[in-house]
Amino acid sequence: MSVLLDVRALEVRYGGIVALRGIDLHVEEGEIVALLGANGAGKTTTLRAISGLLPVRAGEISFAGASVRRRSPDAIARLGIGHVPEGRRVFTRMTVRENLELGGYAIASHRKVADRIDEVLAIFPRLHERIAQRAGTLSGGEQQMLAIGRALIARPRLLLLDEPSLGLAPLVVAQIFEVLRDIHKRGTTVVLVEQNARAALALADRGYVLRNGEIARADTADALARDPAVVAAYLGGE
Amino acid sequence: MIYTYAFVAIAACVAIERFHNRRAKATIVLLLAAFLAIAPRFYGNDAVFSVLADAAVYVMLALGLNIVVGFAGLLDLGYAAFFAIGAYTYGMLASPQFGLHLPFWALLFIAAALAALFGALLGAPTLRLHGDYLAIVTLGFGEIVPQIFQNLTKYTGGPNGIAALDVPTFFGHSFGASVMPYYYIALFGIAFALWISRNLRESRLGRAWMAIREDELAAKHAGIDVLRSKLAAFAIGASFSGIGGVLFAAKLALVSPDLFGFQVSVLIVSMLVLGGMGNIVGVVVGSLLLTIVNSALLPQINSLVDTAFHTTLDLSNLHFLIYGAILVGIMLFRPEGLLPSRERRAELHHAGEAAVDA
């Protein structure tokens, strides 16, 4: 397997505050990698830096062998990194279809976008039922599906997911993770930021634990799930 | 008489909003166009068409600002600056000022391009700003541009401006003192502006603007080049007012810095707010209503009051009071404007929905 995403010594600051102090991580093609950690550990910051939404102070980010560090967010999206942001951020006043169409913004052909919308609707039948509804009227779970679906329209090679389970009922979380498994099976590499560490590790191949803007632990998902320290800190003890 | 025209135009706009059938809409548009083109042969006088030509220029300006504010959601409080740039383009290049007498028709395009250029120049350094901050910077720009024209006395005639601008010609026929050519050109201008607005709205760029207006971050995630899209909005919006400026200056045969002050920017924003930001037809209605109030209703009330009480009031001082009252009234009773866009209506009447599970 080849390395799809390679992050080296990544440093990000908000004003004077250091948010990431030299992070190293890599994601291989076809993997699911979980980023775990407490609030404020730097998980979301890491994803936003990869997507070009935050200026990188130092370090290097390369995707499929090419540096993306100085590229704009839209250019990075076009290179094949999809980002499902924290809090979903669907366009609430637009319909489900319009949201999905915007996911295909970088695709020139209308036909192609329409075809891909059909593919995404096959993955999320619920969205199909609600296609003409405004996104603001959807439930939280449906909005999350829409946010994921919108990112999938561009057929990203790498999908960054920020807290897809946030604020959702356990049953809905299970559905979302089922879909992620399915998307992964179709060949998309996934980086998953999650508070719900148990569900994330059950799905992931490997995981990183972030603490205060640094990588505290990196291992296979199985090893992390068995590690007493990780269990105590992030899985609520057993 | 002026009210007949205004009433017909506004009624047609409302009908277009009410009908959902494409053919019905197209029919109304064609009937209205035919009426506006033919009726002047039978009905009206120069004074009426002078007001209507001005109204048409304002409709163009409002449609241009609508692209910036209504479509892309960038609050621009200095839009009159681009109007001034268009007008001064004509003033300086088609007058004895430099002895340059470029043709009116070429200057329509040159002014549009220049205004677009300045739109982009203003946009480039400021588009990282949001909301109130952007409004403040554009407000400043709107103040600076007339000041520059006022103080570059050598080139612009300073506070007196430039007078005796060339009278345009059409295949060798001078427009003369008639206002009719301006009326017809402005009608064409509106048609063109409407056509561009409509197509932009449905275009990729239009959807990018809508996405940016709703959620800039989510728009970036979707692969939209946010800065370039905003810049395009500024440039295209400005180009409309560049054309409007040339028409305005040629008709008046005069440009001076006090014609393009803050009150003009406010007037155009008021037109958008009144009519319904983002909705093309609503914007047309808003700008027609306000121009008629300004140029016909107020002067008439003024003279009525004067004859009745033997006074010499100047109600034009009350314009700001009236805009203020209109803005406050609209905000209280119909914040989405008279004929709002679908999105705007949703935004103001279902704002709670989005928060339910956020």
Side-chain angles (χ1 to χ4, degrees), chain A residues 47-48 51-54 71-95 98-108 110 113 133-144 146-147 150-151 153-154 156 160 162 166-169 172, chain B residues 20 70-73 124 127-128 130 199-233 276-279 335-337 340-358:
Chain A
L47 294 195
R48 288 171 58 86
S51 288
L53 294 164
L54 289 173
R71 290 192 178 249
S72 62
D74 51 288
I76 291 172
R78 283 195 296 271
L79 281 175
I81 299 185
H83 190 150
V84 181
E86 189 177 13
R88 318 187 247 281
R89 304 199 84 134
V90 295
F91 299 107
T92 51
R93 287 146 216 151
M94 299 187 195
T95 65
E98 286 167 338
N99 266 275
L100 293 173
E101 281 169 353
L102 277 166
Y105 183 76
I107 303 167
H110 281 287
V113 174
Q133 240 172 280
R134 273 188 301 109
T137 65
L138 301 183
S139 73
E142 289 163 346
Q143 288 192 11
Q144 186 62 58
L146 179 55
R150 184 177 64 190
I153 299 286
L160 311 176
D162 201 345
L166 192 73
L168 300 182
V172 181
Chain B
H20 293 289
F71 289 179
L127 288 178
R128 284 171 205 278
H130 292 262
N199 282 308
L200 277 174
R201 202 189 143 79
E202 306 303 325
S203 72
R204 261 162 64 81
L205 189 56
R207 285 189 300 153
W209 288 334
M210 233 195 289
I212 291 168
R213 198 167 79 71
E214 252 211 53
D215 188 335
E216 193 169 327
L217 184 78
K220 282 184 186 168
H221 281 303
I224 293 169
D225 188 336
V226 170
L227 287 182
R228 194 186 300 179
S229 306
K230 286 182 173 182
L231 219 52
M277 258 183 226
N279 185 26
E336 69 274 31
S341 65
R342 181 177 63 105
E343 292 82 13
R344 188 76 57 172
R345 192 171 5 211
E347 207 166 300
L348 287 154
H349 285 286
H350 305 276
E353 277 171 19
V356 169
D357 44 34

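Residue numbers start from 1 in every chain, and the chains themselves are labelled A, B, ... in the order their sequence lines are given, proteins ahead of strands. Side chains are part of it too, since the values below use all heavy atoms of this structure and drop only hydrogens, waters and symmetry mates.
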Derivation and outcome, side chain to side chain contact (heavy atoms under 4.5 Å, CB included), residues A/L102 and B/I224: CA-CA 9 Å; A/L102 277 166; B/I224 293 169; 3.9 Å; yes
Straight-line distance of A/R89 CZ to B/K220 NZ, nearest 0.5 Å: 10.5 Å
Check against side chain to side chain contact (heavy atoms under 4.5 Å, CB included), B/L217 and A/R48: CA-CA 11 Å; B/L217 184 78; A/R48 288 171 58 86; 3.6 Å; yes
Distance-minimising heavy-atom pair for B/A211 and A/F91: O-CE2, 3.4 Å
Contact class of A/L79 relative to chain B, heavy atoms under 4.5 angstrom: neither
Partner chain B: residue of A/R150, A/E101, A/H83, A/E98 with the largest heavy-atom pair count (under 4.5 Å): A/H83
B/R228, CZ: over 12 other non-hydrogen atoms inside 6.0 angstrom: no
Nearest-0.5 Å distance that lies between atom NE2 in B/H221 and atom CG in A/L160: 9.0 Å
Atom of B/G223, atom of A/Y105 and distance for their closest heavy-atom approach: O-CD2, 3.8 Å
Within 6.0 angstrom of A/R71 CZ, more than 12 heavy atoms from elsewhere: no
